[in-house]
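Below is one structure; the comments refer to it alone.
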Amino acid sequence: MKILNFGSMNLDHVYQVPHFSQPGESLSVTELATGPGGKGLNQSIAMARAGATVFQGGCLGAGGERLKTLLEENGVDTSLLWPVDEAQGHAIIQVAPDGENSILYYGGSNRCVTEAQIEQTLAPCTQGDLLVLQNEIVLLAEIIEQAYAKGLTILLNPSPFDEELAKVDFGKLDWLIINELEAGFLTGTQDPDQAWEVLHDRYPRLSVVITLGSAGSRAYRVLADQVEQVQQPVFPVQAVDTTGAGDTFTGYFAAGLVRGDTLRQCMEKAAMAAAISVTRPGAASSVPTLAEVEAQQKI
Ligand code: RIB
């Protein structure tokens with residue numbers, strides 16, 4: 001089984017700030033780093049570093065060559081990337097001293113996905129392959145329709161959460177990875193068990209992972225005759241930069257699923273990888289290798 005990640009790629013401009021800028025405030029900052037990012041690219045790097053075979057789909061715009069190179073250096077197949085005549089997507093990221101971030105996302109090239117591209121990008125996929133999606137590209141609903149018709153297993157991380165998601169048929173998904181805020185938007189409650197009940201009533205075949213910040217994460221997997229549940233605590237670390245931690249979690253989780261790991265193994269590796277990532281600056285550059293994750297698990 002292979003993984004196709006049809007997603008975004010961004011150039012992240014990361015500013016270290018004493019605090020997030022307030023309405024009306026001009027804030028002078030001295031530290032700027034530009035690095036690879038985008039939820040799609042970050043998750044592909046995470047899946048590849050976790051040992052999976054990954055294809056990156058999506059649009060490559062002007063200035064995005066270094067993102068393609070990084071994907072290739074990490075073993076991600078870029079042959080499905082679609083060149084477009086538009087500036088590469090980017091993000092303006094403020095990182096506060098406690099490692100928290102605040103992100104402005106400009107879609108640029110990522111918003112150039114077309115119907116023809118969807119058909120060609122999905123063409124090499126066969127039944128049972130895993131399609132991984134986030135919400136930083138356009139035509140998500142169309143991609144899901146076509147992937148469902150081909151019998152792909154579909155995992156959606158609906159981030160950033162916006163009104164476009166109203167077009168998506170969540171009943172066609174196999175996996176949903178959300179944080180507690182997104183659970184609240186979708187179901188009206190941030191309580192994970194209650195959110196799960198609402199989602200399970202609406203979409204009986206959908207398995208769900210809800211990340212809960214310092215309270216860890218919880219998984220609900222629909223099996224033939226029961227629902228398997230796993231509660232995963234966080235591994236406590238000193239955070240430097242939380243950017244991309246959710247992507248690291250999602251990528252490691254998806255790679256574990258494809259490897260055939262148990263749900264508990266998927267959750268534990270995802271949580272450990274995310275914990276390591278927040279101890280390092282940057283998004284894609286902070287994703288650990290599988291060897292690093294397994295070494296920490298033994299401690
Ligand atoms: O999830 C983190 C990512 O969100 C960053 O890399 C940035 O590009 C934004 O898309």
Side-chain angles (χ1 to χ4, degrees), residues 5-17 20 32-50 56-64 66-71 74 76 81 86-96 99-113 132-138 140 155-162 164-165 176-182 209 211 213 217 239-254 270-271 273-288:
N5 183 5
F6 202 151
S8 58
M9 297 173 291
N10 293 337
L11 295 162
D12 285 355
H13 305 291
V14 184
Y15 301 85
Q16 301 295 330
V17 295
F20 298 150
L32 163 65
T34 300
K39 294 182 196 306
L41 179 142
N42 298 340
Q43 292 180 21
S44 282
I45 299 282
M47 291 186 283
R49 289 189 184 165
Q56 174 83 35
C59 297
L60 188 70
R66 63 184 279 199
L67 303 178
K68 180 170 179 269
T69 303
L70 180 83
L71 287 164
N74 279 274
V76 177
L81 285 182
E86 179 68 59
Q88 190 65 48
H90 75 257
I92 304 285
I93 305 179
Q94 299 180 57
V95 178
E100 274 306 319
N101 64 57
S102 168
I103 301 180
L104 282 178
Y105 167 56
Y106 174 75
S109 53
N110 299 310
R111 302 193 61 80
C112 295
V113 175
V132 174
L133 299 165
Q134 315 76 32
N135 190 31
E136 288 190 329
I137 60 170
V138 292
L140 255 196
L155 182 156
L156 173 64
N157 170 219
S159 192
F161 200 93
D162 64 22
E164 278 299 299
L165 292 163
L176 186 67
I177 301 190
I178 50 179
N179 61 32
E180 72 238 270
L181 284 178
E182 291 157 352
V209 177
T211 59
S217 48
V240 166
D241 182 354
T242 56
T243 312
D247 299 329
T248 303
F249 183 99
T250 297
Y252 262 80
F253 184 84
I276 295 171
S277 80
V278 305
T279 65
R280 302 168 174 176
S285 37
S286 71
V287 177

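Each ligand, and each atom within it, is numbered from 1 in the order the structure gives.
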With distance as the sole test, does [X] use its side chain to make a donor-acceptor pair with the main-chain N or O of [Y] at under 3.5 Å?
{"X": "S8", "Y": "G40", "result": "yes"}
{"X": "N42", "Y": "T248", "result": "no"}
{"X": "Q94", "Y": "Y15", "result": "no"}

Under 4.0 Å to a heavy atom of [X] - the qualifying atoms of ligand 1, by number:
{"X": "A283", "value": "6 (O)"}
{"X": "G37", "value": "6 (O), 8 (O)"}
{"X": "A91", "value": "7 (C), 8 (O)"}

Item checked: Distance (rounded to the nearest 0.5 Å) between Y252 OH and M47 CE -> 12.0 Å
Check: Taking atom CG of L60 and atom CG of L81, what is their separation to the nearest 0.5 Å?
Finding: 5.5 Å
Next item on the list: Output yes when the distance from some N or O of ligand 1 to some N or O of K39 is under 3.5 Å, and no in every other case.
Entry: yes
Margin query: Below the 3.5 angstrom mark, is there an N/O of I93, backbone or side chain, next to an N/O of ligand 1?
Written below: no
Check: What protein heavy atom sits nearest atom 6 (O) of ligand 1, and how far away is it?
Finding: D12 OD2, 2.6 Å
Next item on the list: Among all protein heavy atoms, pick out the one at the shortest distance from atom 2 (C) of ligand 1; state its residue, atom name and that distance to 0.1 Å.
Entry: D247 OD2, 3.3 Å
Item checked: Within reach of ligand 1, part of N42 (heavy-atom separation under 4.0 Å) -> side chain
Notebook entry, point to check: At a non-hydrogen distance cut-off of under 4.0 Å, which region of E136 contacts ligand 1 (side chain, backbone, both, or neither)?
Noted result: side chain
Next item on the list: Test S159 against N157 for side-chain hydrogen bond (donor to acceptor under 3.5 Å, both in side chains), laying out the working first.
Entry: CA-CA 6 Å; S159 192; N157 170 219; 4.9 Å; no
Next item on the list: Examine ligand 1 and decide if any of its atoms is less than 4.0 Å from a heavy atom belonging to G38.
Entry: yes
Note to self: Tell me if the CZ atom of R111 is crowded by more than 12 foreign heavy atoms within 6.0 Å.
What the structure shows: no
